[in-house]
Amino acid sequence: HYMLQKINYQKELDKLITDLQKEEKVPTLLLHSCCAPCSSYVLEYLSNYFRITVLYYNPNIYPESEYSKRIIEQQTLIGAMHTKYPVQFIAGSYEMAKGLEEVKEGGVRCFKCYELRLREAAEIAKAGGYEYFTTTLSISPLKNAAKLNEIGLKLAEEYGVAYLTSDFKRRTDISG
């Protein structure tokens, strides 16, 4: 029998970036962000290689005034950054994730939420003619990067927009 090899999504992303640089391509990327703090490192890193539009969309924020406050935080962060390529911004619509309030945190509940966020990003990426879409969520040690990438790749097929696989916590963790 053989062991299933664990995919290093960050290595895959690094290889893609190397190929893009060789071809002198700077593709467009719709980057889903759940919050300004999570996006700062990812933006700093990816804005050297992509023309990014940040989509702030977080269906777990309540009340709406808090959602608005976080939109402003995200815009402030983008405005303060010095990036190689300009970063654009889109605010996702305010809505609460519904239907799994009784399910405990983790597992199925998280995966449904990943899909909700990534589907929104895929739809906007397709409508806007972006070459890629991805999310900042994989930077969190509490988020399952393999599951995020699996969902992203499935939606990429469904919407016809390439999903940028990643595990951004691998980039920030020297041991990884």
Side-chain angles (χ1 to χ4, degrees), residues 6-17 20 27-47 49-62 67 70-71 73-74 77-78 87-101 103-172:
K6 220 173 146 188
I7 299 167
N8 184 331
Y9 293 104
Q10 192 53 52
K11 273 200 179 122
E12 285 189 4
L13 176 56
D14 290 341
K15 183 190 177 313
L16 173 72
I17 286 170
L20 289 172
T28 53
L29 169 67
L30 184 75
L31 175 65
H32 163 261
S33 170
C34 54
C35 64
C38 281
S39 73
S40 71
Y41 164 75
V42 177
L43 268 173
E44 202 175 294
Y45 166 53
L46 291 180
S47 64
Y49 315 106
F50 294 90
R51 293 182 203 288
I52 299 174
T53 299
V54 172
L55 164 66
Y56 174 79
Y57 176 65
N58 191 340
N60 283 341
I61 302 299
Y62 180 83
Y67 194 80
R70 290 182 188 214
I71 285 173
E73 279 175 8
Q74 184 74 67
L77 171 79
I78 292 167
V87 175
Q88 308 297 314
F89 177 78
I90 301 172
S93 56
Y94 176 74
E95 61 181 293
M96 285 297 294
K98 292 198 173 26
L100 293 169
E101 292 83 355
V103 181
K104 71 177 176 59
E105 192 64 43
V108 171
R109 181 175 174 170
C110 287
F111 301 160
K112 288 277 186 211
C113 211
Y114 295 172
E115 181 157 358
L116 182 69
R117 295 168 193 213
L118 286 170
R119 183 170 296 280
E120 180 78 358
E123 284 175 10
I124 291 171
K126 182 171 180 69
Y130 291 87
E131 292 166 84
Y132 292 91
F133 75 101
T134 196
T135 179
T136 60
L137 288 171
S138 74
I139 201 162
S140 167
L142 304 175
K143 303 288 185 278
N144 181 328
K147 194 67 182 179
L148 282 163
N149 285 300
E150 178 190 312
I151 293 167
L153 291 167
K154 182 184 77 134
L155 291 170
E157 254 177 62
E158 191 179 321
Y159 286 90
V161 179
Y163 181 75
L164 199 67
T165 58
S166 64
D167 186 352
F168 294 117
K169 64 182 146 289
R170 287 269 205 197
R171 263 280 180 202
T172 56

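Predicted, not measured: the structure shown is a model, and the values here were computed from it. Just so you know, residue 1 is the first one in the sequence shown, and it goes up from there.
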Exercise. Could I get the full list of ring-ring contact (aromatic ring centres under 6.0 Å, His included) partners for Tyr67, not counting sequence neighbours?
Key: Tyr56, Tyr94
Self-check item: With sequence neighbours excluded, residues passing ring-ring contact (aromatic ring centres under 6.0 Å, His included) with Tyr163
Solution: Phe133
Quiz item: For Ala145, which residues count as a side-chain contact (heavy atoms from CB on, under 4.5 Å) partner, sequence neighbours excluded?
Solution: Ser138, Asn149, Asp167, Lys169
Self-check item: Residues in ring-ring contact (aromatic ring centres under 6.0 Å, His included) contact with Tyr57, at least two apart in sequence or another chain
Solution: none
Quiz item: Can you pull the salt bridge (charged side-chain N to carboxylate O under 4.0 Å, His left out) pairs that have at least one residue in residues 120-148, sequence neighbours excluded?
Solution: Lys147-Glu150
Exercise. Using the test salt bridge (charged side-chain N to carboxylate O under 4.0 Å, His left out), find all partners of Glu158 that sit at least two apart in sequence or belong to another chain.
Key: Arg119
Self-check item: Set of side chain to side chain donor-acceptor pair (under 3.5 Å) partners for Arg70, sequence neighbours left out
Solution: Glu66
Self-check item: side chain to side chain donor-acceptor pair (under 3.5 Å) against Thr53, all qualifying residues, sequence neighbours excluded
Solution: Tyr130
Self-check item: Test side-chain contact (heavy atoms from CB on, under 4.5 Å) applied to Glu44 - qualifying residues, sequence neighbours left out
Solution: Met81
Quiz prompt | Asn58: partners by side chain to side chain donor-acceptor pair (under 3.5 Å), with sequence neighbours left out | solution = Arg117
Exercise. Sequence neighbours left out, what passes side-chain contact (heavy atoms from CB on, under 4.5 Å) with Glu157? Give chain and number order.
Key: none
Practice problem: Could I get the full list of side-chain contact (heavy atoms from CB on, under 4.5 Å) partners for Ala127, not counting sequence neighbours? | Solution: none
